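Shown next, in structure tokens, is the structure this report addresses.
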There are 2 protein chains.
Amino acid sequence: MAMRDAAVDERDGRARLFHQVVVDLCRLIRDGQFRVGARLPAERELAERLGVSRPSLREALRALEVSGIVESRHGGGTYVRDAFDPGFISPLALALEATGDATGDLWEVRIVFEPPIAARAAMRAGADDLTRLEALVEQMFELAPDLARNDHILAVDREFHAAIARASGNSVAVRVVQLINQVLFDSRRHFTTSLERRLQACARHREMFDAIRGRDPVAARDAMLLHLHEVEDYILGGLDGKHRRGLERGDAVADARHLAAEQWVQASGSGMFAGEAKEGKIS
Amino acid sequence: MAMRDAAVDERDGRARLFHQVVVDLCRLIRDGQFRVGARLPAERELAERLGVSRPSLREALRALEVSGIVESRHGGGTYVRDAFDPGFISPLALALEATGDATGDLWEVRIVFEPPIAARAAMRAGADDLTRLEALVEQMFELAPDLARNDHILAVDREFHAAIARASGNSVAVRVVQLINQVLFDSRRHFTTSLERRLQACARHREMFDAIRGRDPVAARDAMLLHLHEVEDYILGGLDGKHRRGLERGDAVADARHLAAEQWVQASGSGMFAGEAKEGKIS
DNA sequence: AACAGCCAGTGGTCAGACCAGTTCAGAGGC
DNA sequence: GCCTCTGAACTGGTCTGACCACTGGCTGTT
């Protein structure tokens, strides 16, 4: 309680060993000593080279792994991850597990965050980004009719969102989006959707892709926002009492958020990003 | 390269032990077995209780610590952190260290993220949030004239932003803001600002506080956006060639972002959140 | 050339030990 | 009686050395 002198944290200078190792490894990676995709030296050797024991090194590696910087494969070695490559494991994704149900909060963050990122993707996407996005859209259309492959569709869906973040050219955004979506998508793994809903989502994805290819940030942002709301509504509507528990508390919150977001959509035609969007589609 | 079948990750069922421990601990915390602020059992005992060795348990604890869920104090024990309490250590904050300079990307994320969060704070802040925010504003005004205490001011500044996130009622937002700002503020520790600039920042903080207390989401969002741009501009303008290196690449990016954000400000009076903001200040 | 099996290398896990802070009750001084 | 100092018990931090399990390439066979 209280305020205990608000702030003032006195960053203790004494770092623990594993933290020092983390910093050292990060520096080595950043300086190009270990390049992206490269395999790190074996733990035993690396530990010796850094002057620490293997357990200490391993604690550092776990920290880096959880942060999505490296990846260890049993018997295969430890590799440096690409900051822009999707599919990393779990940074504060764990936070959800601990904090109880943060689903509502995660949804809100997603709705706040992804639309403007989509707008930036429309401003900066490169040729390879467009290729990737298009492939993912088509892949999703192909998979949609197959009601059995729920997991597979979710994976493609999630990768599409990651690809948009990647197209935004912002490495931090990629991480944030991946982090949020990992948790949100995991919670939907056993939540089968109707064919109709799937096709709607596909259509929305295509809309986003078209907007990004057409360099229309406003349209991209709006399509994303609409898409996210549709997904959320569908999930909320389809949940039975048991699965809904995590969202109860958020009801009041959801209302406010909803209201705000709807109005955001309505306000979207009024100039935001219009400078980049050559022909301002005033809706 | 390529696309290697885009998506499809086949989450290997075989989890490593430390990961299983992480999940177990998270469940225990979530289920109230270990409450927020409580001290966990000693490592030796906890390891035995979970049926793993101490090294394995420690790897799990490092993962949780890096994710801001627990905190270990040498000789003092391991404690469960409050999701809403600011000041945690380093989740993907490490990512910056490794990814080279992500400063530009971080700034962009901050500018995308904090304004809408400030708006939500204006909608939902409780009495205690207002108390805390006001105290932090006043504290910053008091410290501003003391040019020597740069670190201290930075800490208060950062805590103010964290407090806004906290007032938004979104636990995930708190984590994201803390994460971003930890890195960004650290990079400013040896960057002394002028008195004039400090007072401007203080004034802007007060504006935000007034907007939040007045339940005016639009004003809160706009004040935040303006504040962030002023800070960024000041930093960019004041950097000498050496320190600027990290932002070079971002120049083109910064322009686009800047443009977009300016227009966002201009568009802000047109209805967004107007439902909550009783008297819509059409600027 | 294609396949099966082997084996060195690498990460995963464990046990036990010792070092280094923290804590707090009890001895000592005021 | 109250405060201070002290030290033992407790807790996290680190290390050593060992063994298990998986991967991947080499080798020898077919």
Side-chain angles (χ1 to χ4, degrees), chain A residues 4 9-25 28-29 34-35 37-81 88-90, chain B residues 4 9-25 28-29 34-35 37-81 88-90:
Chain A
R4 49 145 211 238
D9 223 15
E10 302 300 61
R11 277 275 152 275
D12 37 10
R14 46 95 191 176
R16 282 170 299 171
L17 231 201
F18 96 92
H19 189 269
Q20 185 56 49
V21 173
V22 163
V23 172
D24 287 346
L25 285 176
L28 287 172
I29 293 172
F34 304 132
R35 302 197 164 281
R39 192 173 87 173
L40 264 49
E43 292 187 354
R44 291 162 179 85
E45 182 192 337
L46 195 53
E48 186 181 14
R49 202 196 295 189
L50 294 174
V52 301
S53 68
R54 195 148 86 102
S56 291
L57 171 66
R58 279 181 62 79
E59 287 187 26
L61 288 178
R62 284 301 80 72
L64 290 175
E65 184 165 26
V66 152
S67 297
I69 295 172
V70 303
E71 175 187 17
S72 291
R73 301 173 202 159
H74 190 174
T78 303
Y79 295 79
V80 180
R81 290 196 96 102
F88 74 83
I89 320 178
S90 55
Chain B
R4 49 143 210 236
D9 224 15
E10 302 298 60
R11 278 274 154 271
D12 37 12
R14 44 96 191 180
R16 282 170 299 170
L17 231 198
F18 96 92
H19 188 269
Q20 185 55 48
V21 173
V22 164
V23 172
D24 287 347
L25 284 175
L28 287 172
I29 292 172
F34 304 131
R35 302 199 164 280
R39 192 172 87 172
L40 265 48
E43 292 187 355
R44 292 163 178 82
E45 182 192 338
L46 195 51
E48 186 181 14
R49 203 196 294 189
L50 294 174
V52 301
S53 68
R54 193 147 87 101
S56 291
L57 171 67
R58 280 181 62 79
E59 287 187 27
L61 288 177
R62 285 301 79 73
L64 291 174
E65 183 165 27
V66 153
S67 298
I69 297 172
V70 304
E71 175 187 17
S72 291
R73 301 172 202 158
H74 190 174
T78 303
Y79 296 78
V80 180
R81 292 196 94 102
F88 74 84
I89 319 178
S90 56

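In what follows, every chain begins at residue 1, and chains take the letters A, B, ... in the order their sequences are listed. Because the structure is predicted, anything quoted here is derived from the model rather than measured. These values consider heavy atoms only, across backbone and side chains, with no hydrogens, waters or symmetry-generated copies.
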Query raised in the report: Given atom CD of Glu48(B) and atom C1' of dG16(C), what is their separation to the nearest angstrom?
Result: 14 Å
When the side chains of residues 50-57 of chain B are checked against the rest of the protein, which donor-acceptor pairs come out under 3.5 Å, sequence neighbours left out?
{"unit_1": "Ser53(B)", "atom_1": "OG", "unit_2": "Ser56(B)", "atom_2": "OG", "d": "3.4"}
{"unit_1": "Arg54(B)", "atom_1": "NH1", "unit_2": "Glu43(B)", "atom_2": "OE1", "d": "2.6"}

Query - Integer-rounded Å distance: dT14(D) C1' and Leu57(A) CG - result: 13 Å
Report summary line: salt bridge (Lys or Arg N to Asp or Glu O under 4.0 Å) filter on Arg49(A), not counting sequence neighbours, yields Glu45(A)
**Report entry** Protein proximity profile, nucleotides 6-13 of chain D - base contact B, sugar-phosphate-only contact S, no contact -, cut-off 4.0 Å on heavy atoms
**Finding:** -----BBB
Query - NZ/NE/NH1/NH2 to OD/OE distance under 4.0 Å, Arg62(A) and Glu59(A) - result: no
Requested in this report: Select from Glu59(A) and Tyr79(A) the residue whose nearest nucleotide in DNA chain D is closer to the 5' end of that strand.
Outcome: Glu59(A)
**Report entry** CG on Leu64(B) to CD1 on Ile69(B), rounded to 0.5 Å
**Finding:** 5.0 Å
Report summary line: Those residues at least two apart in sequence (or on a different chain) that pass side-chain hydrogen bond (donor to acceptor under 3.5 Å, both in side chains) with Gln20(B) are Asp24(B)
